[in-house]
Amino acid sequence: MDVLLYIDGRWQAGAAGRRLEVINPATEEVIGTVARAETADLDAALSAAQKGFAAWRDTSAFERGKILRRAAALLRERIESIAVIMTGEQGKPLKEAKVEIGVAADTLDWFADEARRAYGRTVPARAPDITNLVLKEPVGPVAAFTPWNFPINQIARKLGAALAAGCSMIVKAPEEAPGSPAQFIRAVADAGVPPGVVNLVFGVPAEISQYLIPHPAIRKISFTGSTAVGKELAALAGAHMKRATMELGGHAPAIVFADADLDVALRVLLARKFRNAGQACTAPTRFLVQRDVYQSFLTRFAAAAQAMKIGDGADPATDIGPLANPRRIAALETFVADAVENGAKLVTGGHRLGNKGYFFAPTVLAHVPTNARAMNEEPFGPIALVNAFETFEEAITEANRLAYGLASYAFTSSAATADALARQIEAGMVAINDSHLSSPELPIGGVKDSGYGSEGGPEAMDAYLVTKLVTQAAG
Ligand code: NAD
């Protein structure tokens, strides 16, 4: 697998011919390379995006929608082969890779329809011969930075909305998992998107963002990744007055009240915690369980975690694949050691598995003190921190303690508790007795340090549209 850049409708090597290695996280073998963009390549992508924008903004919303729908159909046709590439480079089980590609296709379909609903409005005028029109126009060429945890879906959310709105874009996709994003872009190109409308680059992330964000051709930034990097990029975007969407880290509380259906809570939280080996910004992390059911929840959750099958994602029996890169292993080992040192009880897991591949045992820590690092920083791995609480107020205070505010979960059979919780929790998304957080038609985004803007639902289109007033007197 040798992945190329896609600029102005052509697949090409980087200007200096430099390449980066791609590693299979299950075997640690080098499975291919990815082209590294130089400044000359970025300049070419910027010119292409400007040219592409001129053509695409004048393409009718109906035609844009048709092309997006065709891209979705191509993804579904190619799902098996693309899933194999994704699993090989990112590690997630094949079945999860297929779900991700299916959701990406659904996302393109959703935005294909939203394209034709990017309505403006007329505003009643103060004089009889005046017409006030409020128009929605595409903002212009977009620079999108997407991470390795959902290599296709993170692009699909940005690209679907941007293209539906009439924007062109340059995507800086993850170097660790470049093959499946390239296949995604290929499907979009094969569907008939004109040259220059979509461009794909890889390279040194900081070099590319420092070059693209201030560039006058770029009118909009969208980033998904850690809060620390997001703050840097948001500051740079602000310095250059660029609109930005920031989908950043999370540290989701999962509150289990004593009146909850524990079977439902366990099923939902196990699936959400260990999906993609915990490398999801919406993964539940701080499990807050009411005292009466604490021990029973902890015992059952830990037993179920222990029973999960860890292995190469290519093996159909695998429940949890390897972590995506060795940085995560080192980070998780530090989190576990620090928590235990501070008095947490390690119930299961807590260590790397084997000495080949980035496998980490599903980990449950109990009685984790608030000062442990894992209780404050995003672990981004298969670690559940399970603590007890007594009262609603105690749970909500802990849930809102951190600067993160992305996803949150709660389980209760009381409508009053659910209602109070939904109002008081500081989060962009609240799932109560439920886990359906990531459908294309639903808003996705955070508050506080988890970022701003939404990447789902009709709100996602707003990020790529500007408002123009035309007020006109009869001539
Ligand atoms: P990282 O912060 O170095 O990188 C996160 C992502 O941002 C990567 O895709 C990386 O390529 C990109 N990036 C880093 N520096 C950049 C820059 N200056 N300009 C543009 N892009 C840049 O961390 P990592 O080790 O790759 O991932 C670990 C952390 O990242 C996790 O702890 C998690 O908080 C966060 N993360 C979040 C998401 C998410 O879905 N919100 C996805 C992946 C990683």
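Atoms within each ligand, like the ligands themselves, are counted from 1 in listed order. Note that these values count all heavy atoms, side chains included, but never hydrogens, waters or copies made by symmetry. Keep in mind it's a predicted model, so treat the numbers as computed, not measured.
- At a 3.5 angstrom cut-off on N or O pairs, Glu232 does not count as close to ligand 1.
- Closest to atom 27 (O) of ligand 1 among all protein heavy atoms lies Trp148 CZ2, 3.5 Å.
- With hydrogens left out, the protein atom closest to atom 19 (N) of ligand 1 is Ser209 OG, 2.7 Å, a heavy atom.
- For ligand 1, the atoms lying closer than 4.0 Å to a non-hydrogen atom of Glu247 are 41 (N).
- Judged purely by distance below 3.5 Å, without hydrogens or angles, the side chains of Asn371 and Asn342 pair a donor atom with an acceptor atom.
- Checked by atom type and distance alone, the side chain of Ser450 pairs as donor or acceptor with a backbone atom of Gly249 at under 3.5 Å.
- Annotation for ligand 1: atoms under 4.0 Å from non-hydrogen atoms of Cys281 are 39 (C), 40 (O), 41 (N).
- Shown in contact with Pro147 at under 4.0 Å from a heavy atom are these atoms of ligand 1, numbered in order with element: 9 (O), 42 (C), 43 (C).
- Summarising the local packing, NZ of Lys95 is surrounded by more than 12 heavy atoms from other residues, nucleotides or ligands at distances under 6.0 Å.
- For Trp148 and Phe380, the ring centers sit closer than 6.0 Å to each other.
- No hydrogens or angles considered: nothing links the side chains of Thr370 and Arg401 as a donor-acceptor pair under 3.5 Å.
- Residue contacts with ligand 1 for Pro205 involve both N, CA, C or O and side-chain atoms from C-beta outward (heavy atoms, distance under 4.0 Å).
- In this structure, Ala339 and Ala372 approach most closely via the heavy-atom pair CA-CB, 4.0 Å.
- Ligand 1 has a nitrogen or oxygen under 3.5 angstrom from a nitrogen or oxygen of Ser226.
- Note that atom 30 (O) of ligand 1 has protein non-hydrogen atoms nearby, at separations under 4.0 angstrom.
- Judged purely by distance below 3.5 Å, without hydrogens or angles, the side chains of Gln154 and Asn149 pair a donor atom with an acceptor atom.
- Looking at ligand 1, you won't find any N or O of Glu176 less than 3.5 Å from one of its N or O atoms.
- In terms of polar-atom proximity, Glu378 is counted as a contact of ligand 1, with an N or O under 3.5 Å from an N or O of the ligand.
- A side-chain donor from one of Lys158 and Thr224 sits under 3.5 Å from a side-chain acceptor of the other.
- A donor-acceptor contact under 3.5 angstrom links the side chains of Tyr409 and Arg272, judged on distance only.
- Between Thr363 and Pro382 there is no side-chain heavy-atom pair separated by less than 4.5 Å.
- At a cut-off of 3.5 Å, with distance as the only test, no side-chain donor of Ser180 or Gln90 sits close to an acceptor on the other residue.
- The presence of a protein heavy atom under 4.0 Å from atom 10 (C) of ligand 1 is ruled out.
- Nearest-residue assignment for atom 41 (N) of ligand 1 (options Leu248, Thr227, Thr146, Asn153; heavy-atom criterion): Leu248.
- Within a 4.0 Å radius of atom 3 (O) of ligand 1, the protein has no heavy atom.
- The ligand atoms of ligand 1 that sit less than 4.0 angstrom from a heavy atom of Leu233 are 19 (N), 20 (C).
- By the 3.5 Å distance cut-off applied to N or O atoms, Arg327 is counted among the residues near ligand 1.
- Side chain to side chain, Thr33 and Asp2 meet the donor-acceptor criterion of an N or O pair below 3.5 Å.
- When only non-hydrogen protein atoms are considered, atom 14 (C) of ligand 1 lies nearest to Val229 CG2, 3.7 Å.
- Using a 4.0 Å cut-off between heavy atoms, Gln279 makes no contact with ligand 1 at all.
- Under 4.0 Å from ligand 1, the heavy atoms of Phe223 that appear belong solely to its side chain.
- Ligand-side atoms of ligand 1 in range of Thr224: 39 (C), 40 (O), 41 (N), range being under 4.0 angstrom from any heavy atom.
- Atom 23 (O) of ligand 1 is not flagged as protein-proximal [any protein heavy atom, distance under 4.0 Å].
- The nearest heavy-atom contact from the protein to atom 28 (C) of ligand 1 is Arg328 NH1, 3.5 Å.
- At a heavy-atom distance under 4.0 Å, only side-chain atoms of Lys172, from C-beta outward, approach ligand 1.
- Counting the atoms of ligand 1 from 1 in the order shown, those under 4.0 Å from a heavy atom of Gln154 are 40 (O).
- Between Cys281 and Glu378 the shortest side-chain heavy-atom distance falls below 4.5 Å.
- When hydrogens are left out, the protein atom nearest atom 32 (O) of ligand 1 is Phe380 CB, 3.6 Å; that is the closest non-hydrogen contact.
- When ring centroids are compared, Phe287 and Phe301 come within the 6.0 Å threshold.
- Taking a cutoff of 4.0 Å between a charged side-chain nitrogen and a carboxylate oxygen, Glu333 and Arg328 do not qualify as a salt bridge.
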